[in-house]
Each structure stands twice: as structure tokens, then as C-alpha cells.
Amino acid sequence: MPIETTLLGFAVAGTFVLYALLGGADFGGGVWDLLARGPRKAEQRALIAHAIGPVWEVNHVWLIVGLVLLFSGFPRAFAALSVALHVPLTLLVLGIVFRGTAFTFRAYDTRGDAVERRWGVVFSVASVVAPLLLGMSVGAVASDAIRMQGHAVVSGFFASWLSPFALSVGVLTLGLFAFLAAVYLTHEARTPELAEDFRRRALVTGGLLFPLALAALLLSREGAPRVWTGLLQTPFALALHVGTAVAAVAAFALLWTRRFRAARVAAATQGGLIVLGWAVSQAPYLVYPHLTLQSAAAQPGVQRLLLVALGVGLVTVVPSLVLLFRVFGPRGQVPQAPEVPRT
Amino acid sequence: MTDLLYARAQMGLSLAFHIVFAAAGVALPVLMVLSDLKHRRTGDADYRKLSEKLAKGTAILFAVGAVSGTVLSFELGLLWPEFMGRYGEVIGLPFSLEGVAFFTEAIFLGIYLYGRERVSPGLHLFSGVMVAVSGAASAFFVTLVNTFMNNPSGFTPTPTGPTDVQPLVAMFSPGWQYQTAHVLLSCYQASAFAMAGIHAFILLKHPGAGFHKKALSIALPLACVTALAQPLVGDLSAKHVAREQPVKLAAMEAHFDTEAGAPLRVGGWPDVETRTVSGSIDLPKGLSILAFADPDAEVKGLNAFPRDVWPPVAKVHMAFQVMVGTGSLMALLALATLWRRWRGREWPHGKGMMRAWLWSGPLGLVALEAGWLVTEWGRQPWIVRDVMRTGEAVTPVPHLAAPFFTFTAVYLFLGVTVLFVLWRQVAGTLPGSKTPGAPADGEVAHAH
């Protein structure tokens, strides 16, 4: 496979990893908003809103970048997936719309009344539904359930993403996002009690991830044979498993011993390796067994220009991102941080 | 309705909705930075308050713009997979660069909105400028995609799809300068007129309210300059359409017969069956002069083209009339305002002027939507002109009525909500208001 195609393939996978780690954690924040309880219910929600506020739109852009890379770099795959996954992607988009707008309306139209509570509910419900649909779509892609004849999708609009395997990937995605959010929030919390709340949540969801991943793996034997063999038999995938396991154990131990800053890194590594593991297990296929990276790829000249654009983007975006996370990262936090400029 | 029509209606609705927020996302940061600068120069706290209000407005509109833009990027595939499958690689470059611009916009907006107390004043202002620049850049890149659809270049069409793809050539398809300038100006114009309209409305109710006079002094210069520049750019754009897309021009002007010294038709209702126009005011040789700068130039009529490549003539003509009509009204108002400004040495605040600006508030948006309809309807039946028909691009997924009605309902709901939330922001600045929503105006939620 030409080096450009490989690089673009990695770029697509990379944006998905980043979207899962950053945008996914924002969804997870919405899950914890929905599940907020106990004596510090209000503080939990305030922490979530505070942590997501300045960054959620930026985190969301990774999804757009992934989409754009997919349709410019691998247009045929984008077209096929858009047809096969029309229904879940439409629902996913609705979830994204409601989550983003509800969060903004709540943040900028605060009154502490029923209207605000209702926006909160919309935000958190959308945050649960969207990751499920995203995961189910990923599950459909990973399985061999999307069938094509020539350029036409012939496998229907429901079966591929409603399979047990796709459902298990949906639940796993939701669990992963909730886990990431809980771990990140332990480090964002400004009081030890609040950090404890999210530490407990992180330990429970982290523990749940193991059976969820195992279920998805077992279901893949029937539902996604390519992933099954990819996950079990290629040497690279085995290395990824070892890496994921090490990161998972480390995240657990660090949470246990309350080293939250390091736990964040370990959890992010674990999450990133899970997404990467999926990408690697189905490579070089984009739609198994019909479209590979190479067969769906744009012409070589286009690929080279896209890589140049990607380089321009990295040079522009990375320093700006570093600045953003410096300003708003936990280290940059001042107590009683002013949110939006007060009037 | 057929599924193709539902798909077109859904795409059209999504774009019509998104454009309003995209335009605000381009222009409001400029107004916000301008008032910030004025605050720094004069030390007047009202300008700071104004820039904060504009920042909140930007945040709300940008968020809705970002999610509706996400919907659009999915819909490109969900509704038009054949188009994206074939031409995604040809026009991916401007989309990718737009993604970069979107990124910097979101990053610096986060810093600007939440960072006033955390970063140095210089960096804060720089962030505002970056938001404004990124907004303009992203509108620029996305308009390049539309230019490509109108005047495709940079590839060789074959029955199986494009070959010899040259993305840089495709990115700058013929006419890109006119279309991008026209679109960018319209964003600034529409937002400045809307802002002027809001403050004129309040000044009518509370004459002399200092804050709103100052707000007007930020909005009016931008509104006047853009309203006067737009007809000139529009004319260049129309001349380009006349040369490159004669059938679109013929539909815009409801011009059926090819003739030399063609008249300009103002208003009127075209009848496609009889191929005539009723009720229009015809200015002799006007079209030939406007389109080709020559009173005796020959202008091709719709009859010179096969019936099956005609755009929907009545719609295109009406939308064009609306755009030109509202554009002219805005230019006239700008002239009158500048005249008064020149005579009176300050921006006029009289009742008559304020009424005029109040009623002109929505005109920029009307013109923006109408102009966009002209270019989109005017390109039909093609999705990529002369290369791919819209009907060939549509998804094979059935029952497209369902997503269409769903998104219609969602957008209606969001539109009403945004108006409501924005109104509450404005209401907080009314003389004597105790900032309704008192717990902490504009602060992030602390409880539910």
C-alpha cells in the first residue's frame, strides 16, 4: 500500500482516537450529569459544566476532521457507510445537536428554574444516546454485516447496526466514555470529597469495562469474524492487548492510590488503545470485505495534498490547542474561577 | 413528494438554518472586537459591556452554527452519497482547510469567552481577532466548494467519475473571487443590519439610552460600508454568471428569448408554459448593459437551452428580485444615514431614522437567504453543473420524509429557542432592567 494511503489511514484512526478521548469524555460528562446523586449532586453537576464549558466545541471538531478526512481521502467508503448507516447516523446527529445546544442554552440562560433543569435533562439524555449510536455504528463497520454489490449497499438499513455485536460495541463505547469522564473529573475536582465521588464512579465503570469488552470480543466471533481473528491472531494486535491491559491495571492502581493526574494519563492510554485496537483489527478494510483503504482511496495526487493540508492544520492547531489546555487545564485553574465575563 | 424532493428540501432547510448562524459567527466577532477596542481607547465601560454581550451572542450563535454545520457535513453523505463518493476527493481540500479554520475558531472563542480574567489583555484581544479571522476563513473555504459546484474545474469527467483530479485547480474554480467576496460581505451586512435593527428598536422605546447609541455607533459603520460595497461586488458576480452560467442568468432575469439590447425586467411573474413574463417593468437595454457593459450585447435566453436543463425559472427570478430589491433598499438607507452623519457629525438617532433601521434590521438576512436560493435553485437540475444531476446524487435510502419532518421540527424549535435566549440577553441591557435571570447572568449552570 502506498505510504500516503497508510498515513491517511492512520490520520483517520488518529482523529477517531482523539474524538473518543476528548469528545467522548464530554459525552461521559453528560452521563454523570444524568447520574449525579448524593449530598454533592449540585456540585457534581457544576464541576462537569465547568470542565466542559471552554473545551467542548473544540473537542467536537475532531469528529468533523475525521469525517472530512474520510470523504476526501476515502470517498467511496464514506458514501457506502453513509448509505448503510443512514438511520443510526441521522439519530446520532440529532443527539449531537441536542447535546450541544442544550449545553449552551443552559450555560448562557441560567435561571436556576424548571427551564434550566429541562435543558439539563436534554443534555444528559442526548449524552447517553449519542455514544450508544456511535458505538453501534462502529460495531456495524467492524462486523461484516454491510454488504455491497459494486458501489451499491445491499444489506438493508437496519440489520447491520442492530446485531448483538453492534449493540455490545455501543454499550462498551458508552461505558468507555463514562469511565474516561469520571477519571478526568477526579483530577478536575476542587475538593477531596468531589474527587472521591468521581473516583468511586471511575473504579466502578473501569471495572465494568472488562466484562463489556469481553462480551464484545466473544460476540465478535459470530458477528465480526474479521475483528475476532484480527484481535486474536495478528502479532500487532496482541501487543495492543498487552498495552491496553497494562494501561487498564495502571489506571486502576493509580485511582486506588488517588494519584489522579497520572490516572488520567493511564485511562486515556487505555481508551486510545481500545479504539486503535479496533482500527488495527479491521485494517486494511474500511468496509469488510468490500472496500480496503487502498480500493476506496482518492487519487495519489489528492492524497498528497491532503497530507499537506493536514500538516498545515497541525502546525496551526496544535500550538493553539496547547494554549487552550494550558489556560483551562486543571493547573491553570483559579479558585472560584469566573466563567463567562460577568456583567 | 418524491424522495429526491424530500432530500433537497432537507438539505435546503438545513442550509437555510445554518446560514443565519454561520453569518453571525463570521460577523459578530468583528463587532465584538471593535467594541472591545473602543473600550480600550475610551475607557468607557459601556463598550466593554457591549463587547461582553456580543461575545455571549457569538457563543450562543456559534454553538448552534457548529451543531447545524455538523448536521450538514453528515448530510453531505446521508443525502448525497453519490456526489460525495465521486467528488469528495475533488473538493476535499477546501473542506479540510475549513476544518482547520473551524478548529482555531473554536479554540480562540473558548479562550476569549472564558479567559478574560485568566489571560493577558493582549492575548485576550488577539483571541478575539483570531475568532474573527477564522470565521471569515471558514466562510471563504466553504464558499469555494459552492463555486466548484457552480463552475466545476480541476478534473476530467468520465462515466465512472472524475479523473486527472487537481484539487488546487478545483478549489479555485472560475469566479471564486466574486462569490467569496459576495458571501463574506453578506455575512457582515446581514449581522450589522440585524444588530442595528435591535438597537434602533430599543432607542425608539427609550430615546437617549446611551448604551444603545454606542451600540449603534459600532453597527452602523459596518452596515453602511457593506451595504454600499455589496451592489458593486454583486454586479461583478452577475457579470461572471452571465459569461459562465448563461442559463442561470436567463432564469434570474426571466429572460426567455435571446436578444441583442435585452431589457432589464424588474418584478413580474414568469410563465414557463407560455414562455412569457407578465407584470414586469422593463428598462430598455438594461440587462445587456448590466451583464456585458454593452447596450447592444446579445443575451442568451432560456429558449436557447434544452428544456431539461432549465432551473425552476419562477423561483430563481423571484429570489433574485428579492435579493436585488432588499439590497437596493439597504444601500439607499446607508446613503441617507451617511448623509445625515456627515451633516450632523454624529450617527443619526432621530425617530424617522430609527424606524427605518428597525424595519431594515431583517433585510440583510432576507437578502442573504434569497441570494443563496438564487445560486442553489439556479444551478438545478445539476449538483455539479453540466457533470452530475442532483437526481443521480441522491441516496437510495427510502422514506426520506421521516428525517425531513424530524429536522424541520428540530430546527423550528431551535430557532424559536435561540430568539428567546438572545432576547433575554438584549433585555438585560434595557434601561432600568434588573437583569432578569438574576442568579448569575451568563454564568455556567450550578444546579438543576
Side-chain angles (χ1 to χ4, degrees), chain A residues 42 45-46 49-50 53-55 57-58 60-61 64-65 67-68 71-72 75-76 78-79 82-83 86 89-90 93-94 96-97 100-101 104-112 116-117 120 151 157 298-299 301-302 305-306 309 312-313 316-317 320-321 324 327-328 332 334 338-341 343, chain B residues 49 52 55-56 59-60 63-64 66-67 70-71 73-74 77-78 81-82 84-86 88-89 92-93 95-97 99-100 102-104 106-108 110-111 113-119 165 167-168 395-397 403 410 414 417 421 424 428 435 437 439-448:
Chain A
R45 286 182 170 148
H50 176 83
V55 294
E57 282 180 305
V58 177
H60 168 78
V61 182
I64 308 288
V65 173
L67 269 191
V68 170
F71 71 60
S72 345
R76 272 289 147 209
F78 177 74
S82 298
V83 173
H86 185 100
L89 291 181
T90 302
V93 166
L94 283 172
I96 289 173
V97 167
T101 49
T104 307
F105 292 153
R106 191 178 66 163
Y108 288 97
D109 198 35
T110 307
R111 276 170 290 176
E116 188 187 316
R117 268 198 303 284
H151 287 325
F157 307 112
Q299 295 170 22
V302 177
L305 262 175
L306 274 178
V312 171
T316 322
V317 167
S320 319
L321 269 180
L324 180 80
V327 173
F328 298 109
V334 282
E339 308 296 342
V340 183
T343 46
Chain B
K49 185 174 167 196
E52 285 166 0
K56 281 186 206 170
I60 295 166
V64 181
V67 293
T70 306
V71 174
S73 52
F74 272 92
L78 293 176
E82 277 307 302
M84 293 312 288
R86 290 193 178 194
E89 58 180 297
L93 191 57
F95 271 125
S96 311
L97 295 172
V100 175
F102 185 25
F103 235 130
T104 50
I107 292 171
F108 285 103
I111 296 179
L113 287 176
Y114 291 80
R116 199 182 276 272
E117 314 292 338
R118 296 196 198 181
V119 299
V165 177
L168 277 171
T395 180
V397 175
V410 169
L414 286 183
T417 311
V421 174
R424 290 172 50 85
T435 329
D441 185 22
E443 222 183 325
V444 171
H446 282 296
H448 350 151

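Chain identifiers are assigned alphabetically (A, B, ...) following the order of the sequence lines, protein sequences preceding nucleic acid strands; residue numbering begins at 1 within each chain.
With sequence neighbours left out, A/Ser72 forms a side-chain hydrogen bond (donor to acceptor under 3.5 Å, both in side chains) with no residue at all. With sequence neighbours left out, the side-chain contact (heavy atoms from CB on, under 4.5 Å) criterion links A/Leu89 to A/Leu85, A/Leu92, A/Ser137, B/Phe74, B/Leu78.
The candidate with the highest count of non-hydrogen atom pairs below 4.5 Å against chain B, out of A/Leu67, A/Ile64, A/Val65, is A/Leu67. Ranked by heavy-atom pairs shorter than 4.5 Å toward chain A, the options B/Pro403, B/Gly92, B/Gly99 are led by B/Gly92. Residue with the most contacts toward chain A among B/Thr70, B/Thr104, B/Val119: B/Thr70 (heavy-atom pairs, distance under 4.5 Å). For the set A/Val55, A/Thr90, A/Leu306, the entry with the most heavy-atom pairs within less than 4.5 Å of chain B is A/Thr90.
Contacts between A/Leu324 and chain B at a heavy-atom distance below 4.5 Å involve backbone atoms as well as side-chain atoms. When heavy atoms are compared at a cutoff of 4.5 Å, A/Val317 approaches chain B by way of both its backbone and its side chain. For chain B, the nearby part of A/Thr104 is the side chain; its heavy atoms alone come within less than 4.5 Å. Heavy atoms closer than 4.5 Å to chain A are found in both the backbone and the side chain of B/Ser96. In this structure, chain B has heavy atoms under 4.5 Å from both the backbone and the side chain of A/Phe71. If you measure heavy-atom distances from B/Ile60 to chain A, the contacts under 4.5 Å come from both the backbone and the side chain.
A/Glu57 and B/Ala66 make their closest contact through OE2-CB, 4.0 Å (heavy atoms, listed as atom of the first residue, atom of the second, distance). Pairing each heavy atom of B/Val64 with each of A/Thr101, the nearest pair is CG2-CG2, 4.0 Å. Nearest heavy atoms, A/Leu305 versus B/Leu93: O-CD1, 4.1 Å. The heavy-atom pair separating A/Ala79 from B/Gly85 by the smallest distance is CB-CA, 3.7 Å. What you find for A/Gly313 and B/Val100 is that their closest heavy atoms are CA-CG2, 3.5 Å.
Between the side chain of B/Glu89 and the main chain of A/Gln299, a donor-acceptor pair closer than 3.5 Å is present. With hydrogens and angles ignored, the 3.5 Å screen pairs a side-chain donor or acceptor of B/Arg118 with a backbone N or O of A/Val327.
Looking at heavy atoms from C-beta onward, A/Ser320 lies out of side-chain contact with B/Phe103 at the 4.5 angstrom threshold. Counting heavy atoms from C-beta outward, A/Ser82 and B/Thr395 have side chains that stay 4.5 Å or more apart.
Atom NE2 of residue A/His50 and atom OH of residue B/Tyr114 lie 10.0 Å apart, to the nearest 0.5 angstrom.
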